[in-house]
**Q** 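Pasting a structure below so you can have a look.
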Amino acid sequence: MKTFKYLILSALFISVGAFAQEDEQKPERKPGHTNNNKFKQLYDEFSTPNMFRTASGAPGPAYYQQQADYKMDLELNDDIARITGYETITYHNNSPDELKYLWVQLDQNMRAPDSQTPLIQSDGVAPAQRAGTFVNSYMKEKLERGFNIEEVTDVNGKALPHMINRTMMRIDMPKSLKTGEKFSFNIRWWYNINDHVNEGGRSGYEYFEENDNRIYVISQFYPRMAVYNDVEGWQNSQFWGRDEFALPFGNFEVNITVPADHILDGTGRLMNRKEVFSKEMMNRYELAKKTYDKPVMIVTQAEAEKTEKTKSKDKKTWKLYAENVRDFGFATSRKFIWDMMAVKIGGKDVMAVSMYSKEGNPLWEQWSTYAVAATLKSYSRMTFDYPYHKAISVHAPMGMEYPMICYNFGRPDKDGNYSDRTKFGMISVIIHEVGHNFFPMIVNSDERQWTWMDEGLNTFVQYVAEQDFGEWHPDALSEGQDKYPSRRGPAANIVPYMGGDQDFIAPIMTKGLNTYQFGNNAYGKPGTALNILRETVMGRELFDYAFKEYANRWMFKHPTPEDFFRTMEDASAFDLDWFWRGWFYTTDYVDMGVKEVKKFYVSSEPNEYVKNIVKERGMKLSDLPPLVYMVEEGSDEYKESMKNGTLLENSPTLNEYVMDNFTEEERKNIKQPKYFYNVTFEKPGGLVMPIIVEYTYADGTSKTEKYPAQIWRLNDKEVSKAVASDKEIVKITLDPNLETADIDTSNNSWPKEVKQSQFDQFKNEVKN
């Protein structure tokens, strides 16, 4: 009897539900309809998996990568700021293809007198400008910059045919290079080093007039091999000055001759330390290798100040050797203070190193090496143990990264005073640039094509490392700060950009050279997207496992965006095509709101909806079996339904069903919600995101519910949720902790609150 009643009731519930469905508007289907569903799989955007790169996002059984080894003899002429070099490149062809020629990058040619870089910039006449800017723009002769290639020869000294096309040089080999073969050739070159403070650039020198001294941070300074791989063939895209680099791994043997009173360090192990160090420096170095709690001075400020007052006429050669790195950089000056500290990473010791002049103190002595050490620990936790033996932070007026060495800004005023902005700016740039050792120096993505793959991923891990730094070094925080004040990472910080003018926003999946608002596009938005993915969509455990898997799969290899996307899904069992498409392939923004809230009570009397259905079907109410009816607050039936009893007492039909289908023991534990709400959420914005909603009750308590993003899969405009509660809901708030980068929070509350959107608040703050 109980089962029979249950089946009849269920069938009639389904019948009433069918009436309601027929009443809905169905979308008109047209010939040639395009599937614009936000949850459509990314097959159209992704390359077809193959033997080189699998559908899981891992390297395939036929994956290969080339190798380029360098032997270089360099000399820096401090009197005229010129560097000369003679290098031998040995190129290993590990690809299945025969290569007729090789492509070499000549990055310094971006600054050559005939460079086309200025010609692609739109720069009309400014109505007013500083005199210095005017002179530099219209009155000064172009400086002699760029590579001077003196010879290109084979190992026997025979000239090799070559052709220079702006920042690329093609080397024509005597015969094709077959799979498994290698080819060696020599290049002799020189160039005048640029003043990167006044001329710009990612490397160069800073001049100090006080003592006629320079600090040199040297990089992109040698002709270096382009990447050849299964995705691009030769990656020989020109260097216009913004997009960075795609480089193969190799071994470097580099001898650098500089003035004898210079201090120098760079990529690789110092092979002749006892020759270039004094006895006192060696003793300090041995102490630093055993000191884990504070930096040890290798060269003190007093020693550096004494050295910079005179100039040695002698020379000294520093010999460095590095294995399996993609690039090489070094810094040299007689002004350098030098400190080091040991850091334990995965059971081995790594040296955290800082090189800076007195102009950087006291800030650099206080925080630089601690920031290096903290970065290595945080990034190793999120990815893999740092594999190199050292990481160097060099004081310079810009931020730039190379294997084992990076250049970082942040300088006190002349009296040694500095603001929080200067301090945290310096610590953050050190974390960011040291972090680049992981992305892209080891996880070697193609920066020329996909800037976000190194800058965006690095910005995300930078945020994690900054928060770690704040916990590990609370003395760095100012009064009133309870955590590190990260500039990028939190969802709310990207709102002004994502809510901006769509005419000046490009998808993340855009070549860096061609994007608007480069910093927001390549750094801020992807970094924030990954933080949201970790904190709000996937959760830390799933995200961290998948992210670490990606890093380990592709360390010392060349991943593509699809390898990242696929690995994140493969290692987490999370279908994220909707997330990648929205955040990375479009410029859509997040905007969700509470459209409507209706309150219902249970009644045993038919409501107006059922009455209308029965009438339309030519039925009688008496034809219906006993049903449970929901009546809306304020309706005609509402007053009749209001009783002071429990849910079961207010609905004889429901009470009968429970009595017939549950045991006495089961009935003791059955819930009896008193209030029922139909909450309708709307989505004016294009981005699909989970709905995070906080329900606040009359007794002051609250509950947060997260509805997965898939709730929008069948209706991209609005969705509804039935909420049953034993307590009255007095307030509903969407995204209460600002986790989704919602650009307009004015529609996020019920009852509706009159307040400015985050974007409007930001605009008003800027005005004031």
**Q** Applying the ring pair (Phe, Tyr, Trp, His ring centres under 6.0 Å) criterion to Trp338, which one of Trp364, Tyr356, Phe277 satisfies it?
**A** Phe277
**Q** So Arg202 and Glu244, salt bridge (Lys or Arg N to Asp or Glu O under 4.0 Å) or not? Walk me through it.
**A** CA-CA 10 Å; Arg202 299 166 188 265; Glu244 293 180 9; 2.7 Å; yes
**Q** Look at the rings of Phe579 and Phe584 and say which category their plane angle falls in: under 30° parallel, 30 to 60° tilted, over 60° perpendicular.
**A** tilted
**Q** Are any of the side-chain nitrogens in Arg411 or Glu359 under 4.0 Å away from the carboxylate oxygens of its partner?
**A** no
**Q** From the options Trp580, Trp554, Phe439, select the one residue that forms a ring pair (Phe, Tyr, Trp, His ring centres under 6.0 Å) with Phe564.
**A** Trp580
**Q** Please check if the distance between the ring centroids of Phe556 and Phe249 is under 6.0 Å.
**A** yes
**Q** I'd like to know if Lys377 and Asp468 make a salt bridge, using a cut-off of under 4.0 Å between side-chain N and carboxylate O.
**A** no
**Q** Does this structure show an ion pair linking Arg553 with Glu549, if we count only N-O contacts that are shorter than 4.0 Å?
**A** yes
**Q** When you check the gap from the basic side-chain N to the acidic O, do Arg214 and Glu206 get nearer than 4.0 Å?
**A** no
**Q** Hey, are Thr536 and Glu739 close enough side-chain-wise for a donor-acceptor pair under 3.5 Å?
**A** yes
**Q** Does Lys483, at its NZ atom, have more than 12 non-hydrogen atoms belonging to other residues, nucleotides or ligands within less than 6.0 Å?
**A** no
**Q** Does Arg381 pair with Asp544 as a salt bridge, N-O distance under 4.0 Å?
**A** no
